[in-house]
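To start, the structure under review is shown below, and the notes come after it.
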Amino acid sequence: MHVWHDVAAMRRDLWPHRRAGRAVGLVPTMGALHAGHLSLAARAVEECDIVVASVFVNPLQFAPGEDLASYPRDPEGDAGLLESAGVAGMFAPSPERFTPPGRRTTVHVGGLTAGLEGASRPTHFDGVTTIVSKLLHAAWPDRAYFGEKDYQQLVVVRAMVRDLDMPVEIVGCPVVREPDGLAWSSRNVLLSEGQRVHAVALSAALRAAAESWAGDADAARRSLRSTLAAAPGIRLDYAEVVDPDTLEPLAGTVEGPARALVAAWVGTTRLIDNMPLGPGGAGRRRAGR
Ligand code: AMP
């Protein structure tokens, strides 16, 4: 498997594939790879002729005081996992080269970035969209794979690609969970054994909301908030029920699909999770499981 540290080398190696008409897939990650990332890689390998994964802990999406320094890193382990998954190359630029001090350009998506994660982390999505657009320009993939685990990010990236006419298809992939329901996250390794037990409350509350969903957005929001506020070892940041496309909070009776999103602190680790409500949601799927 190739490992590239700079854009020019990756472009040089990908160009012959593109010229030969092969479909290029990109899986952007921050590394410390787990089953969630590998599900994206597997889908990309299935759907594309050549797949590149980027491993870059994006400093622009962390605010001062957030966990950039302690964010888990395992470049060698990542390379091994990607190679076994059939990924052809790993793009691992250095922060000094990829985000040099003199850079002046920021890609900002309005509206969708104001609430939820954006309310707690006001500079986060500018960091995400600036680096995702750099990655898309660097690899020029036909398809780029993103997880629904970061649901707001997926919606924001789709809007950016649409608004800027970027010639790439954004493929959203479902959340992969550990057997007890906890969504895989690179940050899970930062949890103590006790915190790991407490963290299950997030997915349990979402599943309960999905299973009891009867189209009442206010009732679902209330029940999520009260369940998570009472859960031991958890400090709730937000629990919302939103329109899956616009991310606007929903109120009253909802006919179509909805999405519940939560964020909470477990000790010093901040976790996010979400689930679909309504048509296609976990509640409906349960019967056929
Ligand atoms: P990250 O390394 O956390 O920035 O994640 C890289 C990509 O993997 C993002 O598109 C995430 O949404 C996706 N991802 C992370 N965890 C999961 C998961 N548990 N299930 C599905 N996708 C995930």
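What you see below is based on every heavy atom in this structure, not just the backbone, and it leaves out hydrogens, waters and symmetry mates. Since the model is a prediction, treat every value here as computed from it, not as a measurement. Counting starts at 1 for both ligands and their atoms, following the listed order.
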Between the side chains of D126 and T106, does any donor sit under 3.5 Å from an acceptor? no
Interfacing atoms of ligand 1 (cut-off 4.0 Å, heavy-atom, G147): 9 (C), 10 (O), 11 (C), 12 (O), 13 (C), 22 (N)
Which residues pass the ring pair (Phe, Tyr, Trp, His ring centres under 6.0 Å) test with H124, not counting sequence neighbours? none
Looking at ligand 1, does Y151 have a heavy atom less than 4.0 Å from it? no
Does R270 come within less than 4.0 Å of D237, counting only side-chain N to carboxylate O? yes
Those atoms of ligand 1 less than 4.0 Å from some heavy atom in Y71: 3 (O)
Atom 7 (C) of ligand 1: nearest protein contact (heavy atom, Å): P28 O, 3.5 Å
Does any part of the side chain of L26, heavy atoms only, come nearer than 4.5 Å to the side chain of R143, both counted from C-beta? no
Ligand 1 and C173, any nitrogen or oxygen pair closer than 3.5 angstrom? no
In the protein, what heavy atom is nearest to atom 23 (C) of ligand 1, and what distance, to one decimal place, separates them? K149 CB, 3.7 Å
Distance filter under 4.0 Å to L40 heavy atoms, resulting ligand 1 atoms: 7 (C), 8 (O), 10 (O), 13 (C), 22 (N)
Atoms of ligand 1 close to F146 [distance to a heavy atom under 4.0 angstrom, numbered from 1]: 10 (O)
Quick one: which of T268, V197, V266 gives a side-chain contact (heavy atoms from CB on, under 4.5 Å) with L191? V266
Are M10 and M90 packed together at the side-chain level, in the sense that at least one heavy-atom pair is separated by less than 4.5 angstrom? no
Quick one: does P174 get a heavy atom under 4.0 Å from ligand 1? yes
side-chain contact (heavy atoms from CB on, under 4.5 Å) with V109: of V156, L164, V157, only one passes, and it is V156
Give me the nearest non-hydrogen protein atom to atom 1 (P) of ligand 1 as residue plus atom name, then the distance to 0.1 Å. H37 NE2, 3.6 Å
Under-4.0 Å heavy-atom contact with ligand 1, by part of V27 that carries it: neither
Please list the nearest protein heavy atom to atom 4 (O) of ligand 1 with its residue and the distance rounded to 0.1 Å. M30 CG, 3.5 Å
Taking N or O atoms only and a 3.5 Å limit, does V176 qualify as a polar contact for ligand 1? yes
For ligand 1, which atoms sit closer than 4.0 Å to a heavy atom of W184? 16 (N), 17 (C), 18 (C), 19 (N)
Given the options D273, D150, D67, R187 meets salt bridge (Lys or Arg N to Asp or Glu O under 4.0 Å) only with D67
Using a plain distance cutoff, I'd like to know if D150 has any nitrogen or oxygen under 3.5 Å from a nitrogen or oxygen of ligand 1. yes
Does a donor on one side chain and an acceptor on the other come within less than 3.5 Å for E66 and Y71? no
Is the closest basic N to carboxylate O distance between D49 and R18 below 4.0 Å? no
Are R73 and D78 within salt-bridge range, i.e. N to O under 4.0 Å? no
Just heavy atoms, cut-off under 4.0 Å: does H34 contact ligand 1 by side chain, backbone, both, or neither? side chain
I need the atoms of ligand 1 closer than 4.0 Å to a non-hydrogen atom of V175, numbered in the order shown. 20 (N), 21 (C)
